[in-house]
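First the proteins, then the strands, lettered A, B, ... as listed; each starts at 1.
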Amino acid sequence: MHILLGVGGSQLSYHALDETIARAQETDDDLTIAIFDNEEADTDAEAVRERVESTLSETNFEASIRTIGGESPGSELVDIAESEGFDRIVLGGGERSTLGKIQLGSVVEFVLLNAQTPVTLIR
Amino acid sequence: MSRTYPDEPASEFPAPPRTVTDKEGREVELVPADEADREAIVAMYVDFDPADRAQGIPPAKEEGIRNWLDTILDGDCVNVVARYDGDVVGHATLVPDRHGEHELAIFVLQSFQGAGIGTALVETLLGQGQRAGIEKVWLTVERWNDAAASLYRKVGFETSNAESFEIEMAIRL
């Protein structure tokens, strides 16, 4: 399978990164990591890329990395998955408020509603 | 993240303790709650209908409920419960977020729903919040949950964000 993993810098996006690498190591899936600057996370694309690169080297796993810009990372992810024939989009999401309610961020929501490609949400 | 609150503060809400009679004629006491009420609140959530869970709370298992209540019954939070015949049948809470604003949640046992307890409980919680000097309260409600959304509107909440899966509403105390 060709998997497109979106990582925007939230804690749950890094959790999804770890999980997806672990799974791809078992299944031999082909992984592409799309880095974006999630407005809802307190970081930027450069820091996200460093984190992704160090995780890949720690796990000794190879994946292609690309950065997506633009106003709507969700829309970019959907376009890339469709135009390049990915089998699945993977995202982390569903942060909890202090009170404990789960809320989906705008990128996850856009992808879930608009993707023609199957989507896996890791939370 | 900035949330839009109504310009005008709400008028004064009734503070606990108070007794209300629900539409079924049951006399329900609305009282402040804290750590001392933990076991009665746990018992209510253990009985809670899983279909009435909202956005991942309350947790399904007792251990999860206890962990969750560690946060909810913390001294920074404001809690009010509805008691009938000694048992907790409803619980509402205000939990501070990272921005000094408070998130509201309320749960009423299924056998006490639709009888006016939810409205009285939210009003009384907001009264207790006013007493504690809380100014900004927000909540999220699932899009399909018309009963809850209309309850919040009736009490004075206004929609602050309707662009995502959940509707966000806010009130200024």
Would you indicate whether [X], at its atom [atom1], is surrounded by more than 12 heavy atoms from other residues, nucleotides or ligands within a distance under 6.0 Å?
{"X": "E39(A)", "atom1": "CD", "answer": "no"}
{"X": "R123(A)", "atom1": "CZ", "answer": "no"}
{"X": "D70(B)", "atom1": "CG", "answer": "yes"}
{"X": "Q25(A)", "atom1": "CD", "answer": "yes"}
{"X": "E53(A)", "atom1": "CD", "answer": "yes"}
{"X": "R23(A)", "atom1": "CZ", "answer": "no"}
{"X": "H2(A)", "atom1": "NE2", "answer": "no"}
{"X": "E84(A)", "atom1": "CD", "answer": "yes"}

- Message: Strictly less than 4.5 Å between heavy atoms, which residues of residues 9-26 of chain B line up against chain A? Please order them by number.
- Response: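 Those residues of residues 9-26 of chain B which would need a heavy atom under 4.5 Å from chain A do not exist here.
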- Residues of residues 74-89 of chain B near chain A, each having a heavy atom less than 4.5 Å away: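 None at all.
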- Apply side chain to side chain contact (heavy atoms under 4.5 Å, CB included) to A81(A) and list each qualifying residue two or more places apart in sequence or on a separate chain.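 Per chain and number, A81(A) pairs via side chain to side chain contact (heavy atoms under 4.5 Å, CB included) with L4(A), F86(A), I89(A), T117(A).
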Would a hydrophobic clustering, with Ile, Leu, Val, Met, Phe, Trp and Tyr connected at side-chain separations under 4.5 Å, put [X] with [Y]?
{"X": "V48(A)", "Y": "V111(A)", "result": "no"}
{"X": "V7(A)", "Y": "I80(A)", "result": "no"}
{"X": "I3(A)", "Y": "V78(A)", "result": "no"}

- Message: Return the OG to CD1 distance between S97(A) and I57(B), rounded to the nearest 0.5 Å.
- Response: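 Answer rounded to 0.5 Å: 6.5 Å.
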Contacting moiety of [X], where chain A heavy atoms sit under 4.5 Å:
{"X": "P59(B)", "value": "neither"}
{"X": "E166(B)", "value": "side chain"}
{"X": "L104(B)", "value": "backbone"}
{"X": "T140(B)", "value": "both"}

- Pick out which of T93(B), T71(B), D97(B) makes a side chain to side chain contact (heavy atoms under 4.5 Å, CB included) with L99(A).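 Checked T93(B), T71(B), D97(B) against L99(A); only one passes side chain to side chain contact (heavy atoms under 4.5 Å, CB included): T93(B).
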Review item, side-chain donor-acceptor pairs of residues 41-48 of chain B, under 3.5 Å, at least two apart:
from: Y45(B); atom 1: OH; to: H91(B); atom 2: ND1; distance (Å): 2.7

- Ignoring hydrogens and geometry, is there a side-chain-to-backbone donor-acceptor pair from K101(A) to A54(B) under 3.5 Å?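 Pair absent, no side-chain N/O of K101(A) close to backbone of A54(B).
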- Item | Sidechain-backbone polar pair: E109(A) side chain, F165(B) backbone, donor-acceptor under 3.5 Å |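 Looks like yes, one N/O pair under 3.5 Å.
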